[in-house]
**Q** 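Take a look at the following structure, please.
Here is the naming used below: chain letters follow the sequence lines, and residue numbers restart at 1 for every chain.
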Amino acid sequence: MKYEPVIGLEVHVQLKTASKIFCSCSTEFGREPNLNTCPVCMGLPGSLPVLNRRAVDLAISAALALDCRISPFFKFDRKNYFYPDLPKAYQISQYDLPLATGGRLEISANGSSRNIDIERIHMEEDAGKLVHAEPGHGVPKGTSFVDYNRAGTPLIEIVSRPDLRSPAEAHAYLDALKHILRYLDVSDCNMEEGSLRCDANVSIRPAGETALGTRSELKNLNSFKFVEKAIEIEIERQTEVLESGGRVIQETRGYDSAKNTTHPQRSKEQAHDYRYFPEPDLPGFTVTPDQIERFRSALPELPAARRRRFQTKLGLPAYDAEVLTAESDTADYFEKVVGLGADPKKTSNFIMTELLFNLKTAGLPAGRSPVTPARLAELLKLQADGKISGKIAKDIFPAMFEKGVSAQEVLKDQKIELIADAGSLDEPIRQVISENPKAIEDLRAGKLTVLGFLVGQVMKKTRGQADPKIVPQELKKRLGI
Amino acid sequence: MSIDRKTVEHVAALARLGLTGEEKTKLEAELSGILDHVAQLSKLETGKVEPLYHILPIQNVFREDAASPAGVRDDVLKHAPGARPPFFVVPNVLDE
Amino acid sequence: MSKTGLDLSACQLADAIRDGELRAADVCGTFLEHIREQDPKLQAFVTVLEDDAMRQAESVDRDHSHAGAALLRGVPIALKDNLCTRGVPTTCSSKILEGFVPPYDATVVARLRGVTPFLGKTNLDEFAMGSSTENSALFETRNPHDPGCVPGGSSGGSAAAVASGMAPLALGSDTGGSIRQPAAFCGVVGLKPTYGRVSRYGLIAFASSLDQIGPFARTAEDAALLLDAIAGPDPRDATCLATAAPSCRAALSKPFEKLRVGLPREYFQEGLSAPVAQALAATRQSLQDLGCSMVDVSLPHTDYAVPTYYILAPAEASSNLARYDGVQYGLRAPAGNLIEQYLNTRSAGFGREVKRRIMLGTYALSSGYYDAYYLKALKVRRLIHDDFSKAFAQADVLLTPTTPTAAFRFGEKVSDPLQMYLSDIFTISANLAGLPALSFPCGMDGHLPIGAQLIGPALSEARLLRIVHEYQKDTNWHLRRPQSILRSPQKRKRTPGEAG
């Protein structure tokens, strides 16, 4: 029998705030354990939460960018369970009246694009981190260390409908989500630092069937690649179970990337019953249509719209538009260069081949490129005006990037002369003609293959500064052929 | 409304309360008695009544996003029942 | 003027200290000495802060730069031991907080620090759950008027401290009557402010939507002074009102308005003891003599207040008390693994009443029961709230008894939780509706005080205090001092097996 996979993703994204969601502790990553803590995020008796306004602003922006409906009234609820990383033994989250519902995200996979529905977006606080300690040095076996630095970090949970149909689509969904959220500067979406985490609900059903099969929830997915692989292996597993006459049971499964297998995870809870109830320490929140409009108009142009504009208005090929809009920084950079008069396609080529390579090597975003958009525009103008060759432009770029200087400075530094006009080739051509009588003779005799050799000689005399397209024309002109 | 032993045990497990047999027996009776009293609420027709989530007429209370250190970590660790500064220490989760 | 100051009101003490007639250190020393004499018999204090209090008082005497800034400067105070005090153990009278030393001050404590020397922390029913202070895991506090009787609860320690003259002022907290009921039993003034008037930051939560901190004092004027010092907006408490609280003490000197006093008929029915009924009738007459008019009003959902409260408060408590799991602070019982640590710690650390309420609240929130219990109670809470709105269309304040009877004897109700819960019948509604309510001494049942309660619309604390201030000019119930406190030398320690 042929089975169809049904996949839904629950993505936790850390909002890019300076302080935690309910207290003034810093959200800085990588601090000394428990340093970013206070009575509130450690759940000390008597402490109370107060909501971070910026966290809500960021969450609303994200929700609008994902086409969600913002709830005119939302509230927080307590989700009660015991675990040592949860200081209050409840998580402040949202249950029945979340921040936003019903949105969609455009994904492109296998060359086509389609919309994936989003069910809801809610805000919540993160838990702390348990470190399973190595025994020894006075640490008894079976001990865990607890670090509450992460406790209280603001998160949004974005829950998709079970609309994804393949592991590749799940990957594409995460890519698209990451693009948008980074575009908005709502989150870093860095899986290694935990600022984006993903659980996947996976089930399969006979192709053509509309009812959902029993799902398993996959956890421990540490990269987009692993999300894809884990779903793949889980679909295989479920298919085998069904084909051997078994039944899929609803459970949480962990992914082991080393073995590329999923395995049942023992439940954290003795009994699962979160006993949600409205958080009495936080009054409710309202958002007016006016406020929503203000948030909407403040949204930057989103990747999909920008991509379309780069294609239709600036005439870029789809591939270029895709690459340039992958990060808002890159797209902004591109637009600045074009705004200074550079040709869009030539700019795009240069950014994709030269700039992005250098940025990647240096680990910098386009916004912090040592070669500013103005300097790249200047470089491209020198080339467009025929004052330097395309080769020179590429050759001097690494120096501009490394030293953070203009094209003119590098040219001066490396004693490369500008090609004023074709007349400046007179002297080197005259010299090459007088130094290579045999080759000239051959050329006159119609042996065109020596032309390349002579052009090379001129290039050598000009130390590469001459435009290799003009040199042959000038040579022939001088020789009268 | 009467509460049986099984319910007492289930609720105690949810609340992470270790109870003796005697405590369970007493709680069965006490909770049943209290819930009998509470049962009179069901006599009230509340179909059209909105639940009262917050007594205050206030909404939209925020703090601004500014980080500042509290500096209480060492003090809390000093009085913690299990610590190996800069960490809190707990026994491992059962069976993990 | 006597050097002791024990007989002076807080206002008189503050004036004398400000005018240099008394030194704050002498006043503080006198109260500490009185505590040393009386507290072994009454056991109102969990912790006495002798050195701390003297240091604070001496610094008040040294530093005159703030003189006049705070009206209560130098007047010592007792704090209920569920208010976090930096560097001082805060126990909630529970074993589970053993070893807990808060690294921060509750907002109310921070506002008083440097102004009113802290005499000590007072006993309470464990986690403020109870009506007699018999649920303290540490010891029982006695009623200064009769050591065989309970002081009420849960703020029994604070009420007893003020009633016995061990402190001129005290703070308590009130979730279902925990300030007003012990105030009535001990013969002092106790005020539960409007929900949101006083910051709850640093008050160890029992039921977050009902808890409120308030003053104990012997006179309405003293209570007004203390309320003024602690009330007002706090950025650390999202449920604290953002509007500045107007001065209650200033309101006391304004001309007395002739008010309409509502008498809710549901509060004057069977169950009320004859002495309480008589004392209320006399109080009503006194208020009429002051020019107030009496109006009959009805609060038809009164009978539902206790069941509503006993769903909502335990439900919130079950969540608020989940954090006591032996991980970061307080008690940790020996265990081989984490689950055992949770079970053993919480089993050893919580007393019987606390466990009972955690069980009740967990049950009410658990899957399948939420709608029938918790959601239902939230709806009835609205009906109770709306009852008051209607009543306040006809009356400016409501007059009721604070409790159906005067103080009961130790052990009388502790074995029957439901009977204990029903003793809060007159006080619970004000918490459910978030309204200010005040208990003041209005008579005696033999040697035991009787309290009357005034309930007002939201933010009408000044009005309630104004009435009692006027009443206290013409009556002397608030001046009655306990006679029996000198006779009961032995400590009454908790014995194992007694309800806790």
Side-chain angles (χ1 to χ4, degrees), chain A residues 17-20 22-28 32-42 44 50-57 73 75 80-84 89 128 130-133 138-148 266 268-271 273 275 278 280 282-287, chain B residues 3-19 24 31 38 41 46 49-96:
Chain A
T17 54
S19 62
K20 292 185 178 179
F22 297 123
C23 65
S24 303
C25 289
S26 166
T27 53
E28 197 186 326
E32 207 183 294
N34 289 306
L35 202 60
N36 293 347
T37 58
C38 74
V40 178
C41 59
M42 270 196 290
L44 292 195
V50 184
L51 183 61
N52 182 336
R53 183 194 299 274
R54 175 133 182 94
V56 178
D57 290 354
F73 176 83
K75 67 176 174 72
N80 295 285
Y81 66 95
F82 287 84
Y83 207 61
L130 276 183
V131 184
H132 297 283
V139 179
K141 191 166 173 290
T143 298
S144 294
F145 288 165
V146 200
D147 174 6
Y148 293 109
R266 209 168 284 277
K268 283 179 181 184
E269 284 282 276
Q270 268 185 331
D273 183 348
R275 290 160 283 135
L282 294 168
F285 297 86
T286 56
V287 191
Chain B
I3 297 278
D4 60 16
R5 184 80 159 198
K6 220 176 127 225
T7 307
V8 167
E9 285 171 354
H10 170 69
V11 173
L14 280 178
R16 298 289 186 276
L17 286 174
L19 300 176
K24 288 177 195 169
L31 295 183
V38 165
L41 290 182
T46 51
V49 182
E50 275 294 300
L52 199 159
Y53 289 120
H54 284 281
I55 198 78
L56 292 171
I58 58 171
Q59 286 172 329
N60 305 325
V61 180
F62 294 105
R63 43 172 282 273
E64 298 307 321
D65 181 29
S68 62
V72 300
R73 176 188 69 174
D74 296 345
D75 210 4
V76 176
L77 283 168
K78 193 173 82 191
H79 295 108
R84 193 179 169 87
F87 290 102
F88 294 90
V89 169
V90 291
N92 221 332
V93 188
L94 184 65
D95 288 346
E96 261 193 9

**Q** Any chance you could measure Cys23(A), atom SG, to Arg63(B), atom CZ, to the nearest 0.5 Å?
**A** 6.5 Å
**Q** Under a 4.5 Å heavy-atom cut-off, does chain B meet the side chain of Lys75(A), its backbone, both or neither?
**A** side chain
**Q** CZ of Arg84(B) to OG1 of Thr143(A): how many Å apart, nearest 0.5 Å?
**A** 9.5 Å
**Q** Heavy-atom distance under 4.5 Å between the side chains of Pro39(A) and Val72(B), does that happen here?
**A** yes
**Q** Could you tell me whether the side chain of Asp65(B) and the main chain of Ala18(A) form a donor-acceptor pair under 3.5 Å?
**A** yes
**Q** Ring-plane angle category for Phe87(B) and Phe145(A), please: parallel below 30°, perpendicular beyond 60°, tilted otherwise.
**A** parallel
**Q** Sort Leu56(B) into side chain, backbone, both or neither according to what part of it lies under 4.5 angstrom from a heavy atom of chain A.
**A** neither
**Q** Output the distance between atom CZ (Arg73(B)) and atom CD (Glu32(A)), rounded to the nearest 0.5 Å.
**A** 4.5 Å
**Q** With a 4.5 angstrom heavy-atom cut-off, which part of Leu282(A) approaches chain B: side chain, backbone, both or neither?
**A**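 Looking at Leu282(A), just its backbone touches chain B.
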**Q** Of the backbone (N, CA, C, O) and the side chain (C-beta and beyond), which part of Phe22(A) lies under 4.5 Å from a heavy atom of chain B, both, or neither?
**A** backbone
**Q** Quick one: what part of Pro33(A) sits under 4.5 Å from any heavy atom of chain B, side chain, backbone, both or neither?
**A**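 Pro33(A) touches chain B through backbone and side-chain heavy atoms alike.
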**Q** Please determine, among Pro51(B), Pro91(B), Ala66(B), the option with the most heavy-atom pairs under 4.5 Å with chain A.
**A** Ala66(B)
**Q** Let me know if Val131(A) has heavy atoms under 4.5 Å from chain B in its side chain, its backbone, both or neither.
**A**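 Answer is side chain: those atoms of Val131(A) sit under 4.5 Å from chain B.
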**Q** Measure distances from Val56(A) to the heavy atoms of chain B and classify the residue's part below 4.5 Å as side chain, backbone, both or neither.
**A** side chain
**Q** Could you tell me which of Arg53(A), Arg54(A), Met42(A) has the largest number of non-hydrogen atom pairs under 4.5 Å with chain B?
**A**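 Of the candidates given, the most pairs with chain B belong to Arg53(A).
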**Q** Where on Ala83(B) is there a heavy atom nearer than 4.5 Å to chain A: the side chain, the backbone, both, or neither?
**A**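 Interface part for Ala83(B): neither.
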